[in-house]
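Step one of this worksheet: look at the structure below.
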There are 2 protein chains.
Amino acid sequence: MTPRERYRSQVRAEIKQHAWEQIATTGASALSLNAIAKQMGMSGPALYRYYASRDDLITELIRDAYRSLADTVQAAAAAGADLAGLAHAMRAWALEDPHRYLLIYGTPVPGYKAPDDITLISAEIMTALLDAAVKLPARTPSTPLDAHLADHRDWAAGHPAPPEALHRALSFWTRVHGVLSLELAGHFSGMRIDTALLFETELNDLLAP
Amino acid sequence: MTPRERYRSQVRAEIKQHAWEQIATTGASALSLNAIAKQMGMSGPALYRYYASRDDLITELIRDAYRSLADTVQAAAAAGADLAGLAHAMRAWALEDPHRYLLIYGTPVPGYKAPDDITLISAEIMTALLDAAVKLPARTPSTPLDAHLADHRDWAAGHPAPPEALHRALSFWTRVHGVLSLELAGHFSGMRIDTALLFETELNDLLAP
DNA sequence: TTGGAACAGTTATAACTTCTAACGTAAGCA
DNA sequence: TGCTTACGTTAGAAGTTATAACTGTTCCAA
């Protein structure tokens with residue numbers, strides 16, 4: 001790695017760090033390249049040496065966020081966590097930096113298409129969920145959704161999980177996201193509800209019976 | 001109502017209509033007052049006679065969205081719909097205009113505080129859900145969440161629902177939102193999944209047992 | 001060691017944005 | 001008929017993203 005490359009990647013990292021700080025205070029939609037440049041003591045156009053556009057920077061932030069979530073989930077799985085354990089890892093990750101979660105799962109920009117490598121990372125996450133789902137005992141009544149998923153399993157990327165596990169992973173995803181996104185968006189604030197307990201209860205309802 | 005007032009409210013409505021169209025194509029964060037003014041054949045600053053700021057316009061759009069959702073839910077309830085019926089009404093409403101849903105439940109702008117009258121409308125929605133929840137037979141095992149909710153029921157705004165019903169309304173909300181928001185944000189697209197069936201299944205799991 | 005190429009960062013500029021200020025005009029009302 | 005009010009205009013300030021053209025530095029290789 002040449003000195004130039006080292007310097008370059010260091011500046012790119014510093015830009016991203018300032019970007020995250022700005023997102024935390026003003027939201028992703030108000031992220032300003034100019035403001036970042038000023039914080040770093042250089043003029044606005046200088047940043048374009050490092051990111052071709054504002055969208056390019058945001059795409060990289062999204063990529064980093066996905067990568068971080070995938071790493072978190074995979075690390076939990078490697079440490080022997082079951083599906084409930086993965087849920088707690090995901091929740092902890094989300095609460096650690098709400099805007100990072102919302103950048104991935106929040107309101108999408110119409111017309112924005114994530115590059116393929118990001119789609120691959122999200123598939124890694126799904127694979128980890130499926131791995132954990134197959135280890136659970138199958139639930140008794142097979143639903144029409146199970147039958148449907150037996151025929152529509154392209155999204156599982158060749159994972160050999162039985163339909164019940166596909167169903168469970170999907171429900172897991174929607175329930176975790178349901179509680180988490182409402183919590184992070186502040187829709188429970190002022191309600192004085194124990195969101196951890198709500199999260200736990202929704203999870204139990206999926207995993208216990 | 002004077003002619004001036006009539007004209008004024010008509011122009012305001014036309015501005016909002018253009019705003020919704022623009023949100024549908026570019027997203028709420030890229031909504032441009034200037035572009036709306038041009039579409040209406042007048043200069044940018046003219047719009048400030050009708051809305052004090054861009055935020056003011058968006059707030060009104062949010063208010064209208066909440067009002068529309070509350071009306072939809074209340075109309076379904078008045079027509080005798082049970083909790084499942086309300087869920088279908090909400091889903092239909094969301095699919096009818098995804099951006100309207102995402103404006104309410106999508107990524108919030110940090111620092112934005114909805115005015116009180118909007119909070120009141122969202123309370124109307126919750127009341128309708130609670131009304132429907134109390135009509136269902138209580139589920140057998142009482143959870144720790146039920147106990148918690150017995151002591152934390154301020155958000156129910158004096159509604160006499162028992163803790164089990166509070167629990168059910170809360171779960172209803174998070175599950176409906178979980179499936180719906182992932183669907184509207186496009187996270188299922190490309191997966192070739194029957195999202196209606198997934199929605200139905202998540203709902204059944206809450207209402208059937 | 002000394003060119004020369006590559007690259008970082010600069011200013012200037014275009015085309016946007018929100019929003020304020022000052023002004024003319026026209027509509028409504030007494 | 002005249003006065004007041006409000007509408008819409010242009011001008012402009014202070015931002016934004018992004019490109020172009022220029023300067024200086026750094027690195028690398030002959």
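Proteins get letters first, then strands, A, B, ... in listed order; numbering begins at 1 in each. Everything numeric in this text was worked out from a predicted model, so none of it was measured.
Ring planes of A:Tyr101 and A:Tyr105: tilted class, angle from 30 to 60°.
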With the criterion being N/O to N/O and under 3.5 Å, what pairs connect the protein with nucleotides 16-19 of chain C, and how long is each?
{"residue": "C:dT17", "atom": "OP1", "partner": "B:Ser32", "partner atom": "OG", "Å": "3.3"}
{"residue": "C:dT18", "atom": "OP1", "partner": "B:Leu33", "partner atom": "N", "Å": "2.6"}
{"residue": "C:dT18", "atom": "OP2", "partner": "B:Asn34", "partner atom": "N", "Å": "3.1"}
{"residue": "C:dT18", "atom": "OP2", "partner": "B:Asn34", "partner atom": "ND2", "Å": "3.4"}
{"residue": "C:dC19", "atom": "OP2", "partner": "B:Tyr48", "partner atom": "OH", "Å": "3.1"}
{"residue": "C:dC19", "atom": "OP2", "partner": "B:Arg54", "partner atom": "N", "Å": "2.7"}

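A donor-acceptor pair shorter than 3.5 Å cannot be found between the side chains of B:Tyr7 and B:Thr2. Residues A:Thr127 and A:His159 have side chains that never bring a donor and an acceptor to within less than 3.5 angstrom of each other. Between the side chains of A:Asp116 and A:Thr119, not a single donor N or O lies within less than 3.5 Å of an accepting N or O. Between the side chains of B:Thr201 and A:His167, no donor-acceptor pair of N or O atoms lies under 3.5 Å. Between the side chains of A:Ser171 and B:Glu202, at least one donor N or O lies within less than 3.5 Å of an accepting N or O.
Ion pairing of A:Glu200 with A:Arg91 is absent here, as no side-chain N (NZ or NE/NH1/NH2) approaches a carboxylate O to less than 4.0 Å. With respect to the salt-bridge test (charged N to carboxylate O, under 4.0 angstrom), the residues B:Glu21 and B:Lys16 do not qualify. Ion pairing of B:Arg192 with A:Asp151 is absent here, as no side-chain N (NZ or NE/NH1/NH2) approaches a carboxylate O to less than 4.0 Å. Using a cutoff of 4.0 Å between basic side-chain nitrogens and carboxylate oxygens, B:Asp131 and B:Lys135 are not scored as salt-bridged.
First and last contacts of DNA chain D with chain A, using any nucleotide atom under 4.0 Å from a protein heavy atom and ordered 5' to 3', fall at D:dT16 to D:dC28.
Annotation: proximity of residues 6-17 of chain A to DNA chain D (heavy atom, distance under 4.0 Å) is found for no residue.
If B:Tyr50 and B:Arg4 are placed on DNA chain D by their nearest nucleotide, the residue sitting closer to the 5' end is B:Arg4.
Residue B:Tyr51 is out of contact with every strand shown, counting any heavy-atom pair closer than 4.0 Å.
Looking at the side chain of A:Ser43, the nearest of the listed nucleotides C:dA22, C:dG28, C:dT10 is C:dT10.
B:Met42 has its CE atom 18 Å from the C1' atom of C:dG24, to the nearest Å.
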